[in-house]
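Notes for the one structure printed next.
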Amino acid sequence: MVRLPFLSSTQGVPEAAAVPRHIAIIMDGNGRWARKRLMPRVAGHAKGVDSLREVIRSCLDRGVEYLTVFAFSSENWRRPKDEVSFLMQLFVKSLKAEIERIHRNEIRLRVVGDLTPFDDGLVSLIRDGEALTADNGKMNLTICANYGGRWDIMQAVEKMIAASGEAVSRPYSEEDLAPHLALSFSPEPDLFIRTGGEQRISNFMLWQLAYSELYFTDKLWPEFGEAALDEAISSYQGRERRFGRTSEQVVSDKPDTASDHA
Ligand code: IPE
Ligand code: IPE
Ligand code: MG
């Protein structure tokens, strides 16, 4: 069985560091940002790329190890054709423009989701970017594109069953499934951020958000940047992550600084 290098929040109590090890973001509110300025919705998507660049930089500076962003959901195909096609073109354009900078900053890029409906040009750009940055170790940037939490669980179940033999058999456990999830290379998010004011998950990382701290802000994605990220991180730092235990247990589990120095 493939063992994962980190603890699942339901199988044990993961360490909760002061700086979130993994931040996951639903970048929402681009359309409303543009409409408020009497611009077409897609102008908000273009501006959103600047926010993403700033957030990547800020996460890198703060020592965040994994940054995962929701760029296009499996339900976003329901949007007007022109908007979908603009988003695809923007993805191509931004990948081309940013990949060198990503690589220079020693960031490893991954794109996660069902890439089968994407055109060949985009898929090869994605695969080239992933290959170029595969050995980078400063930060893991994951873009979720045509991604859905339910899609992920279903494709993982399919793979788990296909791989099942002597080592993996029924009843299946979480540990049998986890290595097949699209984000199996990363620990679960410590901090989940959604911009744009909506308080919902919209089919993002359903499995992995089990014990993440949820943070919602009314700020629209094109207005989100370093200062807003710091506000989210400081909200996170004020939370008590109990993972099912009592508050008293959490407090007594903390390293005793007095005896540490003895
Ligand atoms: C998020 O912004 C970007 C994508 C879903 C691609 P929206 O386009 O959803 O913006 P609003 O929510 O309509 O303002
Ligand atoms: C979620 O935003 C998906 C992305 C940000 C890519 P949506 O704007 O699609 O979510 P809903 O439709 O408001 O739930
Ligand atoms: Mg939206």
Side-chain angles (χ1 to χ4, degrees), residues 22-56 59 66-98 109-119 122-123 125-126 140-155 181-183 186 189 191-209 212 214-225 228-229 232:
H22 183 176
I23 299 182
I25 308 181
I26 297 187
M27 310 182 289
D28 195 23
N30 294 347
R32 279 164 286 160
W33 180 88
R35 301 307 294 169
K36 272 197 344 201
R37 284 159 184 77
L38 308 176
M39 297 195 287
R41 288 178 49 82
V42 294
H45 298 317
K47 188 75 170 66
V49 177
D50 296 339
S51 298
L52 180 55
R53 194 184 302 108
E54 183 171 331
V55 166
I56 294 170
C59 284
Y66 297 84
L67 171 65
T68 304
V69 296
F70 206 4
F72 191 87
S73 78
S74 41
E75 290 69 43
N76 286 146
W77 296 106
R78 297 169 184 165
R79 294 194 176 197
K81 240 176 131 202
D82 285 356
E83 182 167 341
V84 170
S85 119
F86 181 93
L87 282 166
M88 294 300 153
Q89 283 164 33
L90 184 65
F91 197 2
V92 169
K93 192 176 142 207
S94 309
L95 259 179
K96 282 187 180 159
E98 303 294 333
L109 172 78
R110 292 182 182 86
V111 177
V112 154
D114 178 8
L115 302 189
T116 43
F118 291 166
D119 74 46
L122 176 54
V123 175
L125 212 57
I126 289 170
N140 292 276
L141 169 65
T142 304
I143 297 175
C144 295
N146 192 24
Y147 171 91
R150 290 189 180 175
W151 163 83
D152 191 15
I153 293 169
M154 290 314 296
Q155 67 82 31
L181 291 163
L183 280 132
S186 83
L191 173 61
F192 159 93
I193 299 171
R194 180 174 187 145
T195 62
E198 311 297 350
Q199 304 201 355
R200 55 179 170 250
I201 303 293
S202 300
N203 197 17
F204 188 43
M205 294 179 81
L206 298 180
W207 180 277
Q208 296 85 350
L209 292 173
S212 306
L214 308 181
Y215 179 86
F216 299 95
T217 170
D218 288 337
K219 253 196 183 27
L220 305 169
W221 178 248
E223 307 166 329
F224 194 88
L229 179 74

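Whatever order the structure lists them in is the order used to number ligands and atoms, beginning at 1.
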Side chain, backbone, both or neither: which applies to R194 and ligand 2 if a contact is any heavy-atom pair less than 4.0 Å apart? side chain
Nearest to atom 1 (C) of ligand 1, what protein heavy atom do you find, and at what distance? M27 O, 3.0 Å
Report yes or no: does R78 have a heavy atom closer than 4.0 Å to ligand 2? no
All heavy atoms of G29 vs all of P222, minimum pair found to be O-CD, 4.1 Å
Please classify the N76 to ligand 1 contact at 4.0 Å (heavy-atom distances, strictly less than): side chain, backbone, both or neither. side chain
Taking atom 13 (O) of ligand 1 as the reference point, the nearest protein heavy atom with its distance: R41 NH1, 2.9 Å
Output yes when a side-chain donor or acceptor of W33 lies under 3.5 Å from a complementary backbone atom of G44, and no otherwise. no
Under 2.8 Å from the Mg ion (ligand 3), which protein N, O or S atoms are there? Could you list them by chain and number? D28 OD1
Among protein heavy atoms, which lies nearest atom 10 (O) of ligand 1, and at what distance? G31 N, 2.9 Å
In terms of its nearest heavy atom to atom 7 (P) of ligand 2, the top option of R200, R79, E198 is R79
Report yes if N30 has an N/O atom closer than 3.5 Å to an N/O atom of ligand 1; otherwise report no. yes
Protein heavy atom at shortest distance from atom 6 (C) of ligand 1: A71 O, 3.3 Å
